[in-house]
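Structure record follows, encoded as structure tokens.
Whatever order the structure lists ligands and atoms in, that order sets their numbers, starting from 1. This chain uses plain numbering: 1 for the first residue, then up along the sequence.
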Amino acid sequence: MSAAHGVSVRSRGERSLIHDSGTQATVARLRADTPACENVVHFDNAGSALPPRPVVDRVIRHLRREEQIGGYLAADEVRDELADGYAALARLVGARPEEIAVTDSATRSWVSVFTGVSWREGDRVLTAASEYSSNLIAMFEAARERGVRVERVPSAADGDVDVDALSAMLDDRVRMVAITHAPTNGGLVQPVERIGAALGDHPALFLVDACQSIGQLPLDLDTVNADALSATGRKYLRAPRGTGFLAVRGSALEDLTPVHVDLDSAWLEDGRVRLRGDARRFELFERNVAAVLGLGEAARYYLDVGPEWVHEYVTGLAEHLRERLTELSDVEVTDIGSCRSGIVSFRAHTVPARELVARLKERGVHATVSRASSTPWDMGDRELDELVRASVHYYNTPDEVARFCAEVASMLR
Ligand SMILES: *Cc1c(COP(=O)(O)O)cnc(C)c1O
């Protein structure tokens, strides 16, 4: 199974990297960069991770500079560093810097691409059960306003999207295939490489929501054969809140016309609007420069830590957490799919998810509740209402897994 698909479930029980002494030294060093690790067990990395010290310092330093000389001059001083941030984000996903747009969230990124398509009545969009609700909302709006047909590709028995079924649904009316790589409500990692291979040269735009996968597993636009990918800063990438980015292949750009443009993404020429030729046609002029510097710092930090190692560690630790939770008699781990991410979802039959999460928080243990409203199709299919989501990162440890499970066990009735 290739790396970009997550660690195969079949690797369960194999000797894991997480207990290795060299690994423990690395993790200790990374924890030292993350001072809050001393105080909390942060298993909410799918919600908003703890940013590392260098990221926070970078943001604050820029705000101090703005305090001294004003935002414009402060931005002029960091022009090269800002450009380097685009290069780092590009390296992260195997794109060119001109194929990157910095935004303020994953949703902004995704919606910019989706609404940038000149939808026609009868155009088809194929998506999967695990799709994120905000994306579905945009699709349903397009259905209502433009007569776009939103179609759901069936899932295979293991919970992955059924790639053969997807292939069989392709025809020349399919304008877009939109897939959430790692859904928000559990450990599934969709086989985006196999989907990309199935699409081959089909002209449909392949849009990947990489919001949960970026920063926890290696991603490469070419390998996935994706045209565009959306991501957020605050989750596994550990960047400041209010940051996100978009990667759009140069080949896909000319067919995408952003709904919102300004003097930075477009200009007037002979009374006509001309759009920038690169992905920054999806940006507007104004931004939180300090946060964008933090995003670049976070991308470099992650590349330094090493995406392959991060992936192996995070999936190993998550699998360890699943095994330990499964030992608790009242607990049901609800993750599906042939490959798994760092997101662990479960429910306890005697205690509601929101109560568990609230009581964990009182003890400095952070998890979140995944509600059906975030992934309505998948949760509806499986008749799930609320789940506990515990999402681990490379700065989490097996000791924290033990603590987490002990706390959960103490709350069960
Ligand atoms: C969190 C999440 C989003 C939304 O990210 P924002 O940065 O809040 O817009 C989109 N897709 C998935 C799969 C998510 O988990």
Problem - Donor-acceptor side-chain pairing of Ser130 and Gln190 below 3.5 angstrom - result: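 Ser130 vs Gln190: donor-acceptor pair found between side chains.
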Handout entry: Distance-only side-chain donor-acceptor flag, Arg389 / Thr184, under 3.5 Å
Key =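 Looking only at side-chain atoms, Thr184 and Arg389 do form a donor-acceptor pair, the distance falling under 3.5 Å.
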Handout entry: Basic-acidic side-chain contact under 4.0 Å: Glu131, Arg152
Key =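 No, Glu131 and Arg152 are not salt-bridged.
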Exercise for the section: Using a strict 4.0 Å threshold on nitrogen-to-oxygen distance, state whether Asp44 and Lys361 make a salt bridge. Expected result: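 No, no charged N to carboxylate O under 4.0 Å.
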Exercise for the section: Sort out for me which residue in Val224, Asn225, Thr180 forms a side chain to side chain contact (heavy atoms under 4.5 Å, CB included) with Val192. Expected result: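 Considering Val224, Asn225, Thr180, a side chain to side chain contact (heavy atoms under 4.5 Å, CB included) with Val192 is found only for Val224.
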Exercise for the section: Report the residues that fulfil ring-ring contact (aromatic ring centres under 6.0 Å, His included) with Tyr395, sequence neighbours left out, ordered by chain and then residue number. Expected result: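 So Tyr395 forms a ring-ring contact (aromatic ring centres under 6.0 Å, His included) with His393.
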Filter the ligand 1-protein atom pairs down to N or O on both sides and distance under 3.5 Å, then list them.
from	atom 1	to	atom 2	distance (Å)
ligand 1	7 (O)	Ala106	N	3.0
ligand 1	7 (O)	Thr232	OG1	2.6
ligand 1	7 (O)	Arg234	NH1	3.0
ligand 1	8 (O)	Arg234	NH1	3.2
ligand 1	8 (O)	Arg234	NH2	2.9
ligand 1	9 (O)	Ala106	N	3.4
ligand 1	9 (O)	Thr107	N	2.8
ligand 1	9 (O)	Thr107	OG1	2.5
ligand 1	11 (N)	Asp209	OD1	3.3
ligand 1	11 (N)	Asp209	OD2	2.6
ligand 1	15 (O)	Thr184	OG1	2.9
ligand 1	15 (O)	Gln212	NE2	2.9
ligand 1	15 (O)	Lys235	NZ	2.9

